[in-house]
Each structure stands twice: as C-alpha cells, then as structure tokens.
Amino acid sequence: SLTDKLQGVFARLRGRGRLTEKDIDEALREVRLALLEADVHYRVVKEFLQRVRERAIGTEVFESLSGAQTVVRIVHSELTALLGGSDARVQFAPKGQTVLMLCGLQGSGKTTTCGKLAGWMRRHGRHALLVACDIYRPAARRQLEVLGEQIKAPVYGGSQGQSPVQIARDALRHAAVNGNDVVIVDTAGRLHIDEAMMEELAQIREAIQPHETLLVVDAMTGQDAVNFATDFHTRLSVSGFVLTKLDGDARGGAALSIRHVTGVPVKFVGMGEKLDNLDAFHPDRMASRILG
Amino acid sequence: LVTGRGRIDESLFDDLEESLIKADVSVRLVTTALDTLRERTRTERWSDPDDILRGLRQTLGQALRNPAVREVGLATGAPSPSLYLFVGVNGVGKTTSIAKLTRRLTASGAKALLAAADTFRAGAIEQLDTWADRLDVGIIKHRPGADPSAVVFDAIQAARARHIDYVLADTAGRIQTKAHLMEELRKVARVAERSLGRRPDEVLLVMDATTGQNGISQARLFTEAVPVSGIILTKLDGTARGGIVLSIADELGIPIKLVGSGERAEDLEDFDPEAFIKALLA
Ligand SMILES: Nc1nc2c(ncn2[C@@H]2O[C@H](COP(=O)(O)OP(=O)(O)OP(=O)(O)O)[C@@H](O)[C@H]2O)c(=O)[nH]1
Ligand SMILES: Nc1nc2c(ncn2[C@@H]2O[C@H](COP(=O)(O)OP(=O)(O)OP(=O)(O)O)[C@@H](O)[C@H]2O)c(=O)[nH]1
Ligand SMILES: [Mg+2]
Ligand SMILES: [Mg+2]
C-alpha cells in the first residue's frame, strides 16, 4: 500500500526531527507513482502534488516517526476535498417535469444507468419515463425496453424513421400526458471528436433543456478521460458525472482528473450490472480507492 | 514530438515521459524505456533528438517483438468448424467485433455461424441476431437466462451438421475479479473444448483502447481462466492510444491480433505494430 511504501521512505530518513523539502519530494515521488498507476491524469497529478507539497511543507510539527502517516493523511484529505466539495445532488425541477439526458463514449454504461436511474427515481417517489434516443446501435431500443420491464418503468421510443431530436421532443409531450414527472433520455455512444454526433447531442439538449446532463464514464478509463470530458463539457455544459463499473478493481483515478479539469461533480456511481447497483458518490471512499 | 528541438536534454525526456504516460503506457515501462535511452545517449554519444525518437521506437517495439506476439494471423483447426470465442469485460466491443470478423471471414467465401452465448444482458441476443441478419449468417440462440455453455455446444453441433467453417461465440461482459463469472467462462471453454475435441482455435480477449492500467489485470485474470490466444483492441478511432497493450505484450506475451477502428462491420484491421507505436508517439 502507499502507507507501506512511504514507511520505507521515512525509515530511510529516521532520526530527523523535522522533514526537509528533500524528504517531502522523495515521499511525493511515491505518491506520484501511486496516482499515475491509479490512472490519474499526468497533468492533474502534477498540480495535485503541488498542493500537497505546499501543505506538507507548511506543516509545523513533523515527527519523522509518523511522517508516512502524515503525508498519507494530507494526500487523502486533499483528494477527498477535491473529489467532493460540490453539490452532488440531482437538480430537480421546482415544479413539473425533470429531464435528465445521459451521454458518453461507446460502451460506458449509459443504457444500463438509465434503467438504474428509473429505479432510483421510483425509490424517491417519482415516476420516470425512459426515452430511447439511440437509433443506431443494433437492438438499443430493445435493450432499454427490457430494462424498462425489469424496473417497471415505461419506455418511449418514438416512431420508425424519427430522428433522436424528434423522439426526445415527442417524449416530453408523452411524459406530460402520461403523468411522468421525470424523463430519462438515453443517447447513443459517441466519440467527442465526431463532429456530427456531438452536434446531434447539442441539438437534443437544445430541444429538451435537461435539468441534468450526465456524462457517463467508465471507471477503468485511463488518461483519455480528460480529453473527452473536457470536450463534452465544453459542448454541452455537463452537470454531473456517473462513474460506472466501480465493482471492478480499477482504481478510478479518471474521477479525480475529470472533476479537477471541469469542476463538475460525480453524482452517481455504478456498482454492478444489476439495476439496483446505483449508489451515491462518496468522495472519501473514492480517495481511499484511488490511493490503493 | 521532437520537431524544432536542437538538442537532447532533460526537458526532452520529461516531454517523452508525459507523452507516453498520456498514451497509457505503464509507468514501469516508461521508466525502463527512458533509462535505456539515457544510457544509449551516453554510450552511443547521441546529440540529435531524432536518435532518441528512433531509439524509443526500437525499445517500445521490443515489447511487441516477443516471438509469441508476432504471429498475428488467426488460427484455424481441423476438422471444422474452427471456433472463435470472444471474451472481455463489459462494454469493450465483443459483440461488434464478432460482426466485424464475421464479415471479413464470409467475404473471403467461408461460411460462419454465430453463437449468442451472452444469455444474461438485456437485449444481447437481439443485438447479435440483428448482426446475423445484416451479415446473412446463421445464429444459434437460446432463451435469455439459458446456460451459455449449452449455446456454444449447440452451435458447434449445428456447424458440423451444416458444414460451416467458423463458429463465432459471443459471451457476456464480465468483471475479471468476479470469481463466479470467471468460473462460468471456464465452463464455457471446457464444454467447447470437449465438443470440439481440441481447445477453441482462438480465444480473443477484447479490450477497449480507453482502458488504463486496469488492462493488465484484465489480461492476467482472463488468461488465467481461459486460454487467451490474442487481443482485439477496439475504439482506436478515438483519442485514446491503448498504450497498456505494450505492457500486456511485454509481461504476458499475448499477441495483439486485430484492431477496431469504428462501429461499422468494415471497421476491422490487422494490428500493425509500427503504425501503433508511431501513433503512440504522435
Ligand atoms: N460490472 C458493471 N457493468 C456495468 C455497469 N454499468 C453498465 N455495465 C455493463 O456495461 C456494458 C455496457 O453497458 P451499456 O448500458 O450497454 O453501455 P452504453 O453506454 O449504453 O453503450 P452504447 O450505447 O453502446 O454506447 C453492459 O454489459 C452493462 O451490463 C456497472 O456499474 N458495473
Ligand atoms: N468507436 C468505436 N466504437 C466501437 C468499436 N467497437 C465497438 N464499439 C461500440 O462500443 C459499444 C459497445 O459494443 P458492444 O459490441 O456491445 O460491446 P460488448 O463488449 O459486446 O458489450 P457487453 O456485451 O455489454 O459487455 C457499441 O456502441 C459499439 O458500437 C470501435 O472499434 N470503435
Ligand atoms: Mg446504450
Ligand atoms: Mg456484447
């Protein structure tokens, strides 16, 4: 673990009363390694370590006997502060319909998360309509319909030949007629560098004015997270992240990267393939996980 | 990367480190590669940054030069059918890769049969069925919730009866650290082997190019469970470089056989090590 590695570093520095800057730098090299191995972005690691360094050097009482724990404590608290510290609650409409739009790269877990969110809404006394705006992936609408049956939520897929924008727009009307106070819109996976598909997403967003635009991100994503999260956020103004597949053993450093560069909070985490595997995000638990 | 640079200095090495890490090459491999370059700069008295770049391509190419790793062709077995089993974690592109490989195989005149052995995920059977229709190939499917091993078994029997050359079997995505799911996969491979009279001709581990360091855990644990014979690296049409496969080739010797470069059935290419490393350093 990181604490063990740092104990090793500090054992070599034993006998000194106070940590020198050089000692801090040696300790920070281990922290740097831990963060990079956890998939935290190269530049985010640099900036993060700078904050830790300032805090560590500014610390007055520094017993080298507990130096390792002190550094880990500082790192953990800085990580937790960075990951948290923002309103991670769902923004509901003060009255009328609340609209959530889910987007992200191919295979990140959007459709499954839509199903999970419908269940989450029911547990919070609301009645969601699921909307199938992925007209490209084979049997995408069927996938959402099966999930809708499992979670007992209605699914709206528009009619044959409609564009995703038309389906989304009609869905709001359908929800109003059928008494659904929450509308959850599933969209096709897409690359942030696919101009036409990003434009489609911007048009869907324009048509339905979502209260939440959730970017769904796979927890095993590496350094690329900063690239696409920034692009999606610039184009659409993302209001929250959903970090999926956290039931795996990926450390999830991408969460720190995307939070740091966009300022957008993680609002939910996916903890499994079943529809009840959706949890609130816990910054302190995520910090421990990233540190390994 | 090194254009406009007059000389080799520590800032060049810093920039190289940044590029490689941002391409998801593991820290361990980056450190080893750069240490090798520093040493060669000294012993070979390099002064031109282009020497560094060439040296780096050689060092990284070394990982891919592992003899086991260089055999990029797909194996076939006798008697037919040849069986290709697709495995991997959730959402990486297994089902779509089956469609792509099926198109390639049938384009050269061979006959293929699909096995819808993802009996768990919502809409999985329908998704593969849609591809079977589009590609005009047969498909063996059972009910959702059925035993995946039974689907693969039936597909092999059917392929024999119909004189079909290839069976391509889809499996459900699964997290590699879930013991019961890896055991299910072991059983699929065992049943397939028993029915085939030999191991599956290919067990293709499908991996997403956006995956970071967890890719090593995936390769390791899937290989422990089933005889992985090659990797299909998907979504290289995005901005992710897939650098983690260098460590996988280096540490586990698994060949990267195919690359996914889009969502259409035609978006499948043979793995090109030179092009891959070039893109890594771009
Ligand atoms: N283990 C695990 N699997 C998940 C989780 N969320 C989604 N999945 C799985 O990930 C795979 C992809 O999920 P989808 O919901 O189809 O992903 P998507 O983003 O809609 O995919 P596209 O529409 O093709 O872009 C499926 O096998 C899901 O069951 C999670 O939290 N944990
Ligand atoms: N851009 C791009 N998208 C891809 C590629 N390969 C697959 N996809 C997309 O990735 C998403 C997931 O593909 P699937 O084939 O369903 O993945 P899977 O591994 O079978 O997923 P599960 O069965 O749910 O575990 C789909 O939207 C595909 O179109 C690729 O090479 N490039
Ligand atoms: Mg989907
Ligand atoms: Mg699949």
Side-chain angles (χ1 to χ4, degrees), chain A residues 32-33 36-43 45-46 105-112 115 136-150 188-194 217-228 231 244-245 247-254 270 272-273 275, chain B residues 17-28 30-31 89-96 99 120-131 133-134 144 172-178 181 207-215 217-218 221 234-235 237-244 262-263:
Chain A
R32 177 174 186 264
L33 190 59
L36 289 176
E37 286 177 341
D39 293 323
V40 180
H41 192 264
Y42 188 89
R43 301 219 152 214
V45 171
K46 249 188 192 228
L105 298 190
Q106 292 90 345
S108 54
K110 298 174 292 299
T111 306
T112 309
Y136 309 100
R137 170 171 154 154
R141 176 177 171 171
R142 177 68 192 141
Q143 181 183 5
L144 195 62
E145 285 169 353
V146 173
L147 295 178
E149 285 165 22
Q150 289 175 1
R190 69 202 65 217
L191 295 177
H192 54 117
I193 53 173
D194 185 334
V217 179
D218 193 322
M220 62 187 182
T221 308
Q223 300 283 311
D224 196 45
V226 162
N227 298 329
F228 65 82
D231 275 4
T244 61
K245 309 178 201 173
D247 46 316
D249 64 340
R251 300 260 289 272
E273 300 182 72
L275 294 182
Chain B
E17 182 194 57
E18 177 164 352
S19 292
L20 291 171
I21 296 218
K22 277 160 64 174
D24 289 311
V25 182
S26 75
V27 178
R28 200 165 83 111
V30 173
T31 308
V89 301
N90 308 73
V92 293
K94 298 176 291 302
T95 306
T96 309
F120 169 75
R121 204 210 68 213
I125 297 171
E126 291 90 330
Q127 183 185 5
L128 193 66
D129 204 3
T130 304
W131 279 116
D133 275 346
R134 286 188 193 177
R174 67 201 67 227
I175 296 286
Q176 72 276 17
T177 50
K178 297 195 172 169
L181 296 183
M207 296 191 62
D208 188 325
T210 66
T211 302
Q213 301 306 304
N214 192 251
S217 164
Q218 291 175 28
L221 294 181
T234 63
K235 308 181 196 174
D237 47 317
T239 49
R241 296 276 73 95
I244 199 63
E263 303 193 64

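Residue numbers begin at 1 in each chain, while the letters A, B, ... track the order of the sequences. Given the structure is predicted, the values throughout are model-derived calculations rather than measurements.
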Undergrad: Measure the spacing between CG of B/Asp24 and CD of A/Gln223 and express it to the nearest 0.5 Å.
TA: 5.5 Å

Undergrad: When only pairs under 4.5 Å are counted, which of A/Glu149, A/Arg32, A/Arg141 shares the most heavy-atom pairs with chain B?
TA: A/Arg32

Undergrad: Quick one: what part of B/Arg134 sits under 4.5 Å from any heavy atom of chain A, side chain, backbone, both or neither?
TA: side chain

Undergrad: Counting heavy-atom pairs closer than 4.5 Å to chain B, which one of A/Ala139, A/Gly109, A/Pro138, A/Gly107 comes out on top?
TA: A/Pro138

Undergrad: Out of B/Val27, B/Thr211, B/Ile244, B/Thr96, which one racks up the most heavy-atom pairs below 4.5 Å with chain A?
TA: B/Thr211

Undergrad: Please state whether the side chain, the backbone, both or neither of A/Leu105 comes within less than 4.5 Å of a heavy atom of chain B.
TA: side chain

Undergrad: What option among A/Thr112, A/Val226, A/Thr111, A/Ile193 has the most heavy-atom pairs under 4.5 Å with chain B?
TA: A/Ile193

Undergrad: Among B/Pro144, B/Gly123, B/Ala240, which residue has the highest count of heavy-atom pairs closer than 4.5 Å to chain A?
TA: B/Ala240

Undergrad: Got a second to check how far A/Glu37's CD is from B/Arg28's CZ, nearest 0.5 Å?
TA: 9.5 Å

Undergrad: Using non-hydrogen atoms only, which part of A/Arg190 is less than 4.5 Å away from chain B: side chain, backbone, both, or neither?
TA: neither

Undergrad: side-chain contact (heavy atoms from CB on, under 4.5 Å) between B/Phe120 and A/Glu273: does it pass, once the steps are laid out?
TA: CA-CA 10 Å; B/Phe120 169 75; A/Glu273 300 182 72; 3.4 Å; yes

Undergrad: Between A/Arg43 and B/Glu18, is the closest basic N to carboxylate O distance under 4.0 Å?
TA: yes

Undergrad: To the closest 0.5 Å, what do you measure between CD (A/Gln106) and CD (B/Glu263)?
TA: 4.0 Å

Undergrad: Please classify the contact of A/Asp247 with chain B as side chain, backbone, both or neither, using a heavy-atom distance under 4.5 Å.
TA: both

Undergrad: Out of curiosity, B/Ile175 CD1 to A/Met220 CE, how far, rounded to the nearest 0.5 Å?
TA: 7.0 Å

Undergrad: Count the heavy-atom pairs under 4.5 Å between each of A/Tyr136, A/Phe228, A/Tyr42 and chain B, then report the option with the highest count.
TA: A/Tyr42

Undergrad: Quick check on A/Arg251 against chain B: is it the side chain, the backbone, both or neither that has a heavy atom closer than 4.5 Å?
TA: neither

Undergrad: Measure distances from B/Lys22 to the heavy atoms of chain A and classify the residue's part below 4.5 Å as side chain, backbone, both or neither.
TA: both

Undergrad: Under the side-chain contact (heavy atoms from CB on, under 4.5 Å) criterion, do B/Gln213 and A/Leu36 qualify, and how do the steps go?
TA: CA-CA 9 Å; B/Gln213 301 306 304; A/Leu36 289 176; over 6 Å; no

Undergrad: Apply the test side-chain contact (heavy atoms from CB on, under 4.5 Å) to residues B/Arg121 and A/Gln143: give CA-CA distance (whole Å), side-chain angles for both, the deciding distance (0.1 Å), then the verdict.
TA: CA-CA 8 Å; B/Arg121 204 210 68 213; A/Gln143 181 183 5; 3.5 Å; yes

Undergrad: With a 4.5 angstrom heavy-atom cut-off, which part of B/Leu181 approaches chain A: side chain, backbone, both or neither?
TA: side chain

Undergrad: Relative to chain A, which segment of B/Arg241 carries a heavy atom at a distance below 4.5 Å: side chain, backbone, both, or neither?
TA: neither

Undergrad: Roughly how far, to the nearest 0.5 Å, is CG of B/Asn214 from CG of A/Asp39?
TA: 7.5 Å

Undergrad: Quick one: which of A/Arg137, A/Lys245, A/His41, A/Glu145 has the most heavy-atom pairs under 4.5 Å with chain B, could you say?
TA: A/Arg137

Undergrad: Determine, stepwise, if the pair A/Asp249 / B/Ser217 fulfils side-chain hydrogen bond (donor to acceptor under 3.5 Å, both in side chains).
TA: CA-CA 8 Å; A/Asp249 64 340; B/Ser217 164; 3.1 Å; yes

Undergrad: Which atoms of B/Thr177 are under 4.5 Å from chain A, going by heavy atoms: the side chain, the backbone, both sets, or neither?
TA: side chain

Undergrad: Heavy-atom cut-off 4.5 Å, strictly under: side chain, backbone, both or neither for B/Asp237 against chain A?
TA: both

